[in-house]
Amino acid sequence: MTLPVALPAGPRPSLIQRLSGTLGLAAAILLLRLPLRRVTALVRLLHCLPLREPAPARAERIVQAARSAGAWWPGRAACLETSLAATLAAAAQGHRLSWCLGVRFLPPPRIHHAWVETTAGPAGEPETALPHGWPYKTALRI
C-alpha cells in the first residue's frame, strides 16, 4: 500500500484535470500489465494525434492530479504509474506530454525514474530545483 504523497503547493487542479488524472491512473495501471513495448507503442500512437503542448503551469497541474489520484490508490502508484497516468490524462485533455524513463547514477545507488516533460523541462518534479540541475539521464523519451 502506498502512503499519501505530499503534493506541492500551488494552484489546485481543476475538476476536469482531477477526473482525467483518475481515469489516466486507472488506464495506466491496466496498461502496465502489458509488456512495456506495447505500452510505448500506445504512447507513440498518442503522439501521432494533433495535440498541443501545455503551458508549464498546466502540465504541473496535470501531474499533480495524477499524483493525487495515486495517493488514494491502494496498490502501487509510483513514478512509472503516475507519469503514464499524467501522459494519458494530458492526451484526454488535448495536450501532449513527453513520457520519459531514465536513471540517476550519482550519487550511488543507481535509481530508476519515470517522469513527464514539456519543452520547458520536467513537469511536476521537485528534483528540478536541485543546485546541480536535473540528475537523471534519459533512456527513453516518447
Side-chain angles (χ1 to χ4, degrees), residues 1-14 16-49 51-142:
M1 182 161 164
T2 60
L3 297 175
V5 178
L7 299 174
R12 288 186 47 147
S14 67
I16 297 296
Q17 289 169 334
R18 286 183 290 172
L19 287 174
S20 64
T22 302
L23 292 175
L25 181 68
I29 288 168
L30 291 174
L31 285 172
L32 287 172
R33 298 178 72 93
L34 299 173
L36 190 59
R37 62 186 165 86
R38 302 272 188 213
V39 178
T40 56
L42 175 73
V43 175
R44 286 183 205 281
L45 282 174
L46 285 177
H47 281 274
C48 293
L49 298 174
L51 304 172
R52 60 190 185 281
E53 175 94 10
R58 185 178 190 106
E60 297 274 339
R61 288 192 304 271
I62 292 171
V63 172
Q64 186 178 1
R67 283 200 181 126
S68 65
W72 294 103
W73 178 250
R76 176 187 148 99
C79 60
L80 184 63
E81 290 83 5
T82 56
S83 62
L84 181 58
T87 303
L88 297 172
Q93 296 174 42
H95 296 286
R96 176 183 295 127
L97 290 174
S98 296
W99 187 43
C100 302
L101 305 174
V103 64
R104 182 186 80 192
F105 294 104
L106 295 173
R110 179 181 61 223
I111 296 176
H112 298 48
H113 189 49
W115 65 94
V116 293
E117 285 185 353
T118 62
T119 53
E125 294 292 329
E127 290 91 355
T128 55
L130 292 176
H132 297 82
W134 184 244
Y136 296 98
K137 301 295 180 202
T138 306
L140 175 69
R141 178 181 288 121
I142 303 172

Can a donor-acceptor pair be found, under 3.5 Å and without considering hydrogens, that links the side chain of [X] to the backbone of [Y]?
{"X": "T118", "Y": "A120", "answer": "yes"}
{"X": "H47", "Y": "I142", "answer": "yes"}
{"X": "E125", "Y": "P122", "answer": "no"}
{"X": "S14", "Y": "Q17", "answer": "yes"}
{"X": "E81", "Y": "A78", "answer": "yes"}

Run the numbers on T22 and L25 for side-chain contact (heavy atoms from CB on, under 4.5 Å), then give the verdict. CA-CA 5 Å; T22 302; L25 181 68; 5.9 Å; no
How close do [X] and [Y] get, heavy atom to heavy atom, and via which atoms?
{"X": "R61", "Y": "R12", "answer": "CD-O, 3.7 Å"}
{"X": "I62", "Y": "A89", "answer": "CG2-CB, 4.2 Å"}
{"X": "L42", "Y": "L31", "answer": "CD2-CD1, 3.3 Å"}
{"X": "A86", "Y": "V116", "answer": "CB-CG1, 4.2 Å"}
{"X": "L51", "Y": "H95", "answer": "CD1-O, 3.6 Å"}
{"X": "G124", "Y": "V63", "answer": "CA-CG1, 4.1 Å"}

Find the distance between [atom1] ([X]) and [atom2] ([Y]) and round it off to the nearest 0.5 Å.
{"X": "T40", "Y": "L36", "atom1": "OG1", "atom2": "CG", "answer": "5.5 Å"}
{"X": "R141", "Y": "S98", "atom1": "CZ", "atom2": "OG", "answer": "6.5 Å"}
{"X": "R38", "Y": "L32", "atom1": "CZ", "atom2": "CG", "answer": "14.5 Å"}
{"X": "I111", "Y": "C79", "atom1": "CD1", "atom2": "SG", "answer": "10.0 Å"}
{"X": "L30", "Y": "L88", "atom1": "CG", "atom2": "CG", "answer": "10.5 Å"}

With sequence neighbours excluded, residues passing salt bridge (charged side-chain N to carboxylate O under 4.0 Å, His left out) with R33: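 Applying salt bridge (charged side-chain N to carboxylate O under 4.0 Å, His left out) to R33 gives none.
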Stepwise salt bridge (Lys or Arg N to Asp or Glu O under 4.0 Å) test for R96 and E53: CA-CA 5 Å; R96 176 183 295 127; E53 175 94 10; over 6 Å; no
Just so I know, are the side chains of V103 and T138 near enough to count as touching, which here means a heavy-atom distance under 4.5 Å?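 The answer is no; the side chains never approach within 4.5 Å.
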Filter on ring-ring contact (aromatic ring centres under 6.0 Å, His included), then keep only pairs touching residues 99-119, sequence neighbours left out; what's left?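 Residue pairs with at least one partner in residues 99-119: H113-W115, H113-Y136, W115-W134, W115-Y136.
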